[in-house]
2 protein chains.
Amino acid sequence: MTPSDFHESDFEPDLSIINNALSVICGKWRLYIILVLGEQTLRYTKLSELLPGVSEKVLAGELKALVALGVMKRVLYAEIPSRVEYALTEKGIFALPQLRQIQQIGQLFT
Amino acid sequence: MTPSDFHESDFEPDLSIINNALSVICGKWRLYIILVLGEQTLRYTKLSELLPGVSEKVLAGELKALVALGVMKRVLYAEIPSRVEYALTEKGIFALPQLRQIQQIGQLFT
DNA sequence: CAGTATCCGACTGGATACTG
DNA sequence: CAGTATCCAGTCGGATACTG
């Protein structure tokens with residue numbers, strides 16, 4: 001077996017790792033927020049315009065959670081009026097192709 | 001652009017497709033159940049032994065949901081005592097590599 | 001502008017006891 | 001054997017009003 005034959009996906013199911021993944025993905029809007037953001041850097045208000053139907057409370061909560069998980073970063077500019085920009089972290093961008101592929105699973109089960 | 005350049009993952013985020021995928025994945029045990037089953041065919045009792053910590057109610061409910069989604073099939077044998085076997089459908093097996101890769105996302109965010 | 005605070009109904013998951 | 005039925009606590013998401 002060469003290194004290129006090695007796939008981490010051959011690992012046994014691990015509940016804590018799965019739960020980490022689920023915390024990035026699950027929640028009614030979490031994955032959608034990540035995919036809509038993509039590689040852009042967007043201000044809070046712009047994000048909420050791109051995500052109609054997501055209430056303020058939920059959007060703020062999801063963003064906070066995604067920042068805490070290390071998926072997104074939040075940059076606050078000390079201006080008046082205040083400006084906050086959101087973007088994926090390096091890890092988030094690294095995971096983006098995988099996250100996009102999750103949509104393929106959805107297409108399979110329609 | 002040739003067919004091999006075409007990736008469905010380049011699609012714009014689509015909420016209803018994402019929600020289909022989430023219904024396969026989300027729930028505290030749903031993905032774990034799929035990955036533990038894998039390509040095996042298992043009886044209900046064997047499954048519940050492999051999934052300690054999942055209550056009867058939840059396991060039965062998750063299995064029912066996964067069958068309804070077309071991820072799993074349930075085969076009832078008209079024997080006494082009754083025997084029921086669960087296995088992934090063709091679609092489920094087709095999606096299995098993608099589903100396993102979700103664990104990689106989890107490993108990234110530890 | 002970029003969030004909080006509050007209230008609320010609906011849904012999730014767990015424990016336990018029971019059944020065709 | 002393979003589930004149901006019941007109850008219950010906790011969480012999730014939505015609506016709305018308010019704030020540094």
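These values consider heavy atoms only, across backbone and side chains, with no hydrogens, waters or symmetry-generated copies. Throughout, protein chains are lettered first and strands after them, A, B, ... in sequence-line order, and every chain is numbered starting at 1.
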Does a nitrogen or oxygen in the side chain of [X] sit under 4.0 Å from OP1 or OP2 of [N]?
{"X": "B/Trp29", "N": "C/dG14", "value": "yes"}
{"X": "B/Arg43", "N": "D/dC1", "value": "no"}
{"X": "B/Tyr86", "N": "D/dG3", "value": "yes"}
{"X": "A/Thr45", "N": "C/dA2", "value": "yes"}

| query | How is A/Gly61 classified with respect to the nucleic acid when contacts are heavy atoms under 4.0 Å: base, sugar-phosphate, or nothing? | reply |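 If one applies the 4.0 Å heavy-atom cut-off, A/Gly61 turns out to touch nothing in the nucleic acid.
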| query | Nearest to the side chain of A/Ser82 - C/dG14, D/dG3, C/dA2? | reply |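 Nucleotide nearest to A/Ser82's side chain: C/dA2.
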| Selected nucleotide, minimal atom distance to A/Lys57 side chain, candidates C/dG3, D/dA15, D/dA5 |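 Nearest listed nucleotide: D/dA15.
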Can a donor-acceptor pair be found, under 3.5 Å and without considering hydrogens, that links the side chain of [X] to the backbone of [Y]?
{"X": "A/Arg83", "Y": "A/Ala78", "value": "no"}
{"X": "B/Thr41", "Y": "B/Ala87", "value": "no"}
{"X": "A/Ser82", "Y": "A/Glu79", "value": "no"}
{"X": "B/Gln98", "Y": "A/Ile105", "value": "no"}
{"X": "B/Gln107", "Y": "A/Ile17", "value": "no"}
{"X": "A/Arg30", "Y": "A/Glu62", "value": "no"}
{"X": "A/Thr89", "Y": "A/Lys73", "value": "no"}
{"X": "B/Gln104", "Y": "B/Arg100", "value": "no"}
{"X": "B/Gln40", "Y": "B/Val36", "value": "yes"}

| said: Using a 4.0 Å cut-off on heavy atoms, which residues in residues 62-74 of chain B reach DNA chain D? List them by number, or say none. | reply: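 Contacts with DNA chain D under 4.0 Å: B/Lys64, B/Arg74.
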| task | Return the residues of residues 31-41 of chain A meeting this criterion: a heavy atom under 4.0 Å from some atom of DNA chain C. Order them by number, or give none. | result |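 Residues of residues 31-41 of chain A under 4.0 Å from DNA chain C: none.
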Quickly work out the [X] [atom1] to [N] [atom2] distance and round it to whole Å.
{"X": "B/Tyr44", "N": "D/dT4", "atom1": "OH", "atom2": "C1'", "value": "10 Å"}
{"X": "B/Ile80", "N": "D/dA2", "atom1": "CD1", "atom2": "P", "value": "13 Å"}
{"X": "B/Glu79", "N": "D/dC1", "atom1": "CD", "atom2": "P", "value": "13 Å"}
{"X": "B/Leu51", "N": "C/dG14", "atom1": "CG", "atom2": "P", "value": "12 Å"}
{"X": "B/Glu56", "N": "D/dT6", "atom1": "CD", "atom2": "P", "value": "17 Å"}
{"X": "B/Glu49", "N": "D/dG3", "atom1": "CD", "atom2": "P", "value": "14 Å"}
{"X": "A/Lys28", "N": "C/dT12", "atom1": "NZ", "atom2": "P", "value": "12 Å"}
{"X": "B/Lys46", "N": "D/dC1", "atom1": "NZ", "atom2": "C1'", "value": "15 Å"}

| query | In a check of side-chain contact (heavy atoms from CB on, under 4.5 Å) between A/Leu88 and each of A/Leu37, A/Leu66, A/Leu99, which one passes? | reply |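 That would be A/Leu37.
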| said: On DNA chain D, compare the nucleotides closest to B/Ala60 and A/Arg30; which residue's is nearer the 5' end? | reply: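 This one resolves to B/Ala60.
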| message | Let me check I have this right: for DNA chain C, each base becomes ., (, ), [, ] or |, based on Watson-Crick or G-U pairs with both distances under 3.5 Å. What is the full string? | response | ||||||||||||||||||||
| More than 12 non-hydrogen atoms from neighbouring residues, nucleotides or ligands closer than 6.0 Å to CD1 on B/Ile80, yes or no? |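 Not buried by this count: 12 neighbours or fewer within 6.0 Å.
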| The single option from B/Glu56, B/Glu49, B/Glu85 passing side chain to side chain donor-acceptor pair (under 3.5 Å) against B/Tyr44 |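 One option only clears the test, and that one is B/Glu56.
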